[in-house]
2 protein chains.
Amino acid sequence: MGSKGLRRLSADDVGVRRTRQRAAILGALGGCVDFVSARELHALLTSSGATIGLTTVYRALHDLECAELVDVVRDDPGGRYYRQRPAAGHRHYLICRCCGLSRPVDAEVVERWAERIATDSGFTDVEHTLELSGICADCLPAASNGEPPCRRPVPGS
Amino acid sequence: MGSKGLRRLSADDVGVRRTRQRAAILGALGGCVDFVSARELHALLTSSGATIGLTTVYRALHDLECAELVDVVRDDPGGRYYRQRPAAGHRHYLICRCCGLSRPVDAEVVERWAERIATDSGFTDVEHTLELSGICADCLPAASNGEPPCRRPVPGS
DNA sequence: CACTAAATGAACATGGTTTCCATGTCCATC
DNA sequence: GATGGACATGGAAACCATGTTCATTTAGTG
């Protein structure tokens with residue numbers, strides 16, 4: 001397995017190849033505004049004509065995750081959802097539990113807090129995960145009627 | 001399924017019974033300092049002589065989670081780990097990726113930040129999850145040698 | 001003591017993710 | 001143009017935590 005991640009996905013890099021499949025995955029990810037699961041991405045790709053295996057999608061997403069080129073959130077049962085990282089640096093999101101709408105939030109405060117915890121605690125190599133979820137304005141009417149999720153069963157608390 | 005949660009686990013509550021198994025689960029949870037998985041808890045209970053089904057452990061932990069009497073963290077593949085909530089209110093933890101040592105951290109800053117996001121965003125019913133992980137001082141020597149986890153394969157980034 | 005809803009637990013189902021492994025593809029070299 | 005090794009692919013099967021079913025047991029009540 002290509003456990004080195006696909007750094008820049010350029011043919012110049014040693015040990016990482018640019019393939020039709022990876023290009024397709026990157027392309028599809030770029031076209032998604034919100035978070036998608038590996039299966040959703042695979043369905044998207046195959047339904048648009050691409051020939052690609054589910055395994056390959058999982059692998060590519062995993063590599064992208066290691067390379068920190070995508071952001072990941074988890075839903076309640078533990079499923080992973082991926083989104084292209086909008087800019088440099090570590091981003092956090094506020095996600096609608098109903099429709100999956102995702103919006104990056106500024107978490108500078110939390111970053112600094114986490115750094116302080118790290119130095120104060122005696123722990124090294126401290127990492128953090130942070131997820132915010134709620135009901136967006138569009139979904140509020142439906143959600144308050146106890147209706148099921150509008151589009152996708154995305155992240156939970 | 002007991003979808004009402006086991007509120008106070010007192011016989012006064014209508015519809016919730018105190019059983020040998022639940023008492024054992026609560027007892028075992030109380031005896032654990034750090035996070036345990038459902039399976040670990042089940043193993044702990046059966047190996048100490050109790051007769052209890054894995055299903056029952058899952059159900060009880062789920063109920064406790066709903067009742068907010070336990071805190072939950074997830075490891076990388078999505079498994080859940082439970083710990084008795086140390087006091088009232090929402091707690092966050094710093095957990096050693098190597099040995100599983102868990103230490104509650106004061107996250108007032110984050111709580112307030114999350115509330116502000118909630119009001120600013122137009123989202124309602126905003127919830128947050130936050131996890132910190134690192135390598136504790138005791139594990140640092142072993143971890144830096146690339147050795148495998150000391151005791152348990154607990155949470156990751 | 002009898003009765004009933006709640007709880008139990010073994011077997012089975014589920015579903016997302018990972019591993020296996022045979023095959024395919026790319027690239028440098030001969 | 002052929003060769004070989006490293007990297008990549010993908011279908012099938014394994015994995016594993018969790019959910020579901022349902023016959024049986026049990027707690028607590030009347």
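Residue numbers start from 1 in every chain, and the chains themselves are labelled A, B, ... in the order their sequence lines are given, proteins ahead of strands.
Between B:Arg20 atom CZ and D:dT26 atom P there is a gap of 8 Å when expressed in whole angstrom units. The CD1 atom of B:Ile52 sits 14 Å away from the C1' atom of D:dT26 (whole-angstrom rounding). Separating the NE2 atom of A:His62 from the C1' atom of C:dG16 is a distance of 15 Å, rounded to the nearest angstrom. Rounded to a whole Å, the CD atom of A:Glu65 is 14 Å from the C1' atom of C:dG16. Remark: C1' of C:dG15 and CG of A:Asp76 are 15 Å apart, rounded to the nearest angstrom. A:Asp63 has its CG atom 13 Å from the C1' atom of C:dT18, to the nearest Å. For the pair A:Leu64 CG and C:dT17 P, the computed distance is 15 Å after rounding to whole Å. Residue A:Leu26 contributes atom CG, which lies 14 Å from atom P of D:dA8 at whole-angstrom precision.
A:Leu69 places none of its side-chain heavy atoms less than 4.5 Å from the side chain of A:Leu29. Using a 4.5 Å heavy-atom cutoff, the side chains of B:Leu140 and B:Cys98 are not in contact. In this structure, B:Thr56 and B:Arg59 have side chains that are in contact, with non-hydrogen atoms separated by less than 4.5 Å. Side-chain contact between B:Asp34 and B:Cys96 is absent, with no heavy atoms from C-beta onward closer than 4.5 Å.
In this structure, a donor-acceptor pair under 3.5 Å is present between the side chains of B:Arg83 and B:Ser102.
Taking all atoms of both residues into account, the shortest heavy-atom contact from A:Gln84 to A:Val70 is CA-CG1, 4.3 Å. Of all heavy-atom pairs spanning B:Cys136 and B:Leu101, the tightest one is CB-CD2, 4.0 Å.
At a cut-off of 3.5 angstrom, counting only N and O atoms as typed in the model, there is a donor on one side and an acceptor on the other between the side-chain of B:Arg17 and the base of C:dA6. For A:Arg59 against D:dG10, a side-chain N or O and a base N or O form a donor-acceptor pair under 3.5 Å.
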Pairwise N/O distances under 3.5 Å, protein to nucleotides 15-18 of chain D:
{"residue": "D:dA17", "atom": "OP2", "partner": "B:Arg39", "partner atom": "NE", "Å": "3.3"}
{"residue": "D:dA17", "atom": "OP2", "partner": "B:Arg39", "partner atom": "NH1", "Å": "3.3"}
{"residue": "D:dT18", "atom": "OP1", "partner": "B:Arg80", "partner atom": "N", "Å": "3.1"}
{"residue": "D:dT18", "atom": "OP2", "partner": "B:Tyr58", "partner atom": "OH", "Å": "2.9"}

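For C:dG9, the OP1/OP2 oxygens have a side-chain nitrogen or oxygen of B:Gln21 closer than 4.0 Å. At least one side-chain nitrogen or oxygen of A:Thr19 sits closer than 4.0 Å to the OP1 or OP2 atom of D:dT9.
With D:dT21, C:dT8, D:dG10 as the candidates, the nucleotide lying closest to the side chain of B:Thr55 is D:dT21.
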